[in-house]
Amino acid sequence: MTLSIVIMAAGKGTRMKSSLPKVLHRLAGRPLLGHVLTAASALGEDSSTHTVVITGHGAPAVEDFVAQASTGTHCVRQMPQLGTGHAVQQAVPLLPDTGTTLILNGDVPLIRPETAQALVRACGGQHLALLTIRLDDATGYGRIMRDPSGAIRGIVEHKDASEEQRRVREVYTGVMAAPTAWLKRAVMELSNDNAQAEYYLTDVVARAVQDGLAVVSSEAPSETEVLGVNSPAQLADLERRHQRSVADALLEAGVRLRDPARLDVRGTLTCGADVEIDVNCIFEGHVQLADGVRIGSHCVIRDAVIGAGAVIHPFTHIDGDGQPVVVGPRSLIGPYARLRPGAQLGTEVHIGNFVEIKNSQLADGAKANHLAYLGDSTVGQRVNFGAGSITANYDGANKHRTVIEDDAHVGSNCVLVAPVTVGAGATIGAGSTIGKNAPAGQLTVARARQTTLSGWTRPVKVKKSG
Ligand code: UD1
Ligand code: CA
């Protein structure tokens, strides 16, 4: 059967009080619309499905986002934005004359494909199927009106509802499925005679009743998946609900979260067995934690693969930025460490406080425990990189590599001016600025000799007379 999906994303989102179009506000690190597009693409696995996004307010930005988030999705502009019914009117020329149309709201982000699929089945190309939910506080939502026999007669928008109608807790979620040919006719005949002088898509329900089309409803399995975002408060509430469900799934899988209410996953987090995560950590992009990994409190970790038994101490920032940072098994990182794109650490590497690593490979057993910078470098096994030492990898125009071979020891407060190589087993004396290759197995020191002046006395303060 032909399935058409229309995602409404043209509204201004006045209550967000923001210059950013509402559907581009982020939930779990992704625009609201991105979540809806993902659900739509999960439904549209067969080729007879196509998706249309209605854009309007902030259309260029929304269309750019759609183009990079999904392929083969069409955008249609709604100018000006005269309501949800008017939005669907814009899609009419693109819709076929057969099959089912599924309507999704760009501001109802957590809809699960299974739930939408069940609604499409309930429609079956013949009935009008509404996804509903009962809410304790239904403020702002369209209320489902039923006759004494329980049959649905229509939807009344909050702003148009009487006191009595507002007491109805059964609401429309913004998701419906309808026979496409009928929907095309019904939306073209809507009027805007209501409190907001808008063309309400929800008025098609009363129209279906008139046309003798059966109106069926199915209740959403959870509130979280159908809550809409209309204000910063609703966005924050939905974010916490979503994060709580992510945390519950991790707990269920055996991950030990110190406090499931203090975790944020903005992407995917994959965990092995016996993983422990302390409070207030943020995971972004794709993060993998192998068996026995422990993450201390207040870490921010984005795009990283952490090996078995590694410990990330508190306040560490790991940012792979699409080029995953690799931390080898049993490595110890932090507290207060920073691993940047291209950091690749072997087994049992130790990176301590205020150490920054960028675009560098550190082989097994290498250590940089205090106040150091390693950029564009290749560091051998068991190298010890001393406190306060850095690679000077940038000459103001180009970046150069530093190579530190196995078992070398770089003393404290050294500057390795790249390109430069420190040979295997070499020792660099503290305070050295190394601009030429240091030979293997020997001590290289590059600093002024210490001298002592005998008989020297401190200056004495001259007393002013008068
Ligand atoms: C809508 C429903 C309401 C339902 C609620 C569920 C209508 C008239 N009301 O109300 O019954 O309970 O969703 O969340 O449909 N949009 C456009 N063009 C427009 C207006 C809106 O594309 O001209 C888009 C918005 O970007 C948004 C969606 O449609 O993604 C819903 O619009 P919104 O104004 O938020 O409708 P609600 O008042 O929440
Ligand atoms: Ca809404």
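Every number for a ligand or one of its atoms is a count from 1 in the order of the listing.
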(request) From the options V205, T202, T84, L227, select the one whose nearest heavy atom is closest to atom 32 (O) of ligand 1. (result) T84
(request) For P341, enumerate each residue passing the side-chain contact (heavy atoms from CB on, under 4.5 Å) test, keeping only those at least two apart in sequence or located in another chain. (result) D321, Q323
(request) Identify the protein heavy atom lying closest to atom 24 (C) of ligand 1, giving its residue, its atom name and the separation to 0.1 Å. (result) M8 CB, 3.7 Å
(request) Compute the minimum heavy-atom distance from K22 to ligand 1 and say whether it is under 4.0 Å. (result) yes
(message) Show the atoms of ligand 1 that are less than 4.0 angstrom away from any heavy atom in L82.
(response) 23 (O)
(message) With rounding to the nearest 0.5 angstrom, report the CD1 to NE2 distance, I333 to H350.
(response) 8.5 Å
(request) State if A9 counts as touching ligand 1 under the rule of any non-hydrogen atom under 4.0 Å. (result) yes
(message) Could you tell me, atom by atom, which parts of ligand 1 come under 4.0 Å of a heavy atom of A87?
(response) 17 (C), 18 (N), 22 (O)
(request) Look at E63 together with R77 and state whether they make a salt bridge at an N to O cut-off of under 4.0 Å. (result) yes
(request) Give the minimum heavy-atom separation between G124 and T100, together with the two atoms involved. (result) C-OG1, 4.1 Å
(message) Suppose we measure from atom 20 (C) of ligand 1 to each protein heavy atom; which comes out shortest, and what is that distance?
(response) G83 C, 3.8 Å
(request) Would you verify that at least one protein heavy atom lies under 4.0 Å from atom 34 (O) of ligand 1, or report that none does? (result) no
(request) Quick one: do H86 and Q78 satisfy side-chain hydrogen bond (donor to acceptor under 3.5 Å, both in side chains)? Show the steps, please. (result) CA-CA 8 Å; H86 181 249; Q78 179 199 14; 2.8 Å; yes
(message) Heavy-atom contact check, 4.0 Å cutoff: does E157 meet ligand 1?
(response) yes
(message) Could you measure the distance from the OG1 atom of T180 to the CE atom of M1? Nearest 0.5 Å is fine.
(response) 8.0 Å
(request) Starting from atom 22 (O) of ligand 1, locate the nearest protein heavy atom and write down its residue, its atom name and how far away it is, to 0.1 Å. (result) A10 N, 2.9 Å
(message) Checking one value in my table: which N/O/S atom of D107 lies closest to the Ca ion (ligand 2)?
(response) OD2
(request) Give the numbers and elements of all ligand 1 atoms closer than 4.0 Å to a heavy atom of Y141. (result) 6 (C), 12 (O), 14 (O)
(message) Suppose I only count heavy atoms of T173 and a 4.0 Å limit; which atoms of ligand 1 are within that range?
(response) 6 (C), 14 (O)
(request) Output yes when the distance from some N or O of ligand 1 to some N or O of G174 is under 3.5 Å, and no in every other case. (result) no
(message) Within 3.0 Å of the Ca ion (ligand 2), is there any N, O or S atom belonging to N230?
(response) yes
(message) Can you tell me how far apart CD1 (I318) and CD1 (I351) are? Round to the nearest 0.5 Å.
(response) 10.5 Å
(message) For R143, is there an ion pair with E157 - N to carboxylate O distance below 4.0 angstrom?
(response) no
(request) Look at atom 12 (O) of ligand 1 and say which protein heavy atom is nearest, naming residue and atom and giving the distance to 0.1 Å. (result) Y172 O, 2.7 Å
(message) Within ligand 1, which atoms have a heavy atom of Q78 less than 4.0 Å away?
(response) 17 (C), 18 (N), 19 (C), 22 (O), 23 (O)
(request) Can you label the angle between the F354 ring and the Y336 ring as parallel, tilted or perpendicular, going by 30° and 60°? (result) parallel
(message) Among all the protein's non-hydrogen atoms, which is closest to atom 1 (C) of ligand 1, and how far away is it?
(response) N105 ND2, 4.2 Å
(message) For a side-chain hydrogen bond (donor to acceptor under 3.5 Å, both in side chains) check, start with the C-alpha distance between K399 and N359, then their side-chain angles and the critical distance, and finish with the verdict.
(response) CA-CA 11 Å; K399 291 187 176 148; N359 191 28; over 6 Å; no
(request) Give yes or no for whether the N/O distance cutoff of 3.5 Å, strictly under, is met between D107 and ligand 1. (result) yes
(message) Please determine whether a side-chain nitrogen of the Lys or Arg among R256 and D278 lies less than 4.0 Å from a carboxylate oxygen of the Asp or Glu.
(response) no
(message) Side chain or backbone, does G142 bring an N or O within less than 3.5 Å of an N or O on ligand 1?
(response) yes
(request) Might you point out which heavy atoms bring L289 and V287 nearest each other, and give the distance in Å? (result) CD2-CG1, 3.8 Å
(request) Look at atom 16 (N) of ligand 1 and say which protein heavy atom is nearest, naming residue and atom and giving the distance to 0.1 Å. (result) G11 N, 3.6 Å
(message) Strictly below 4.0 Å, N to O, side chains only: are D319 and R340 in salt-bridge contact?
(response) no
(request) Compare V53, N230, N194 and give the one whose heavy atom is closest to atom 39 (O) of ligand 1. (result) N230
(request) Look up atom 37 (P) of ligand 1 and tell me if a protein heavy atom lies less than 4.0 Å from it? (result) no
(message) Can you tell whether the side chains of D203 and R207 come within less than 4.0 Å, N to carboxylate O?
(response) no
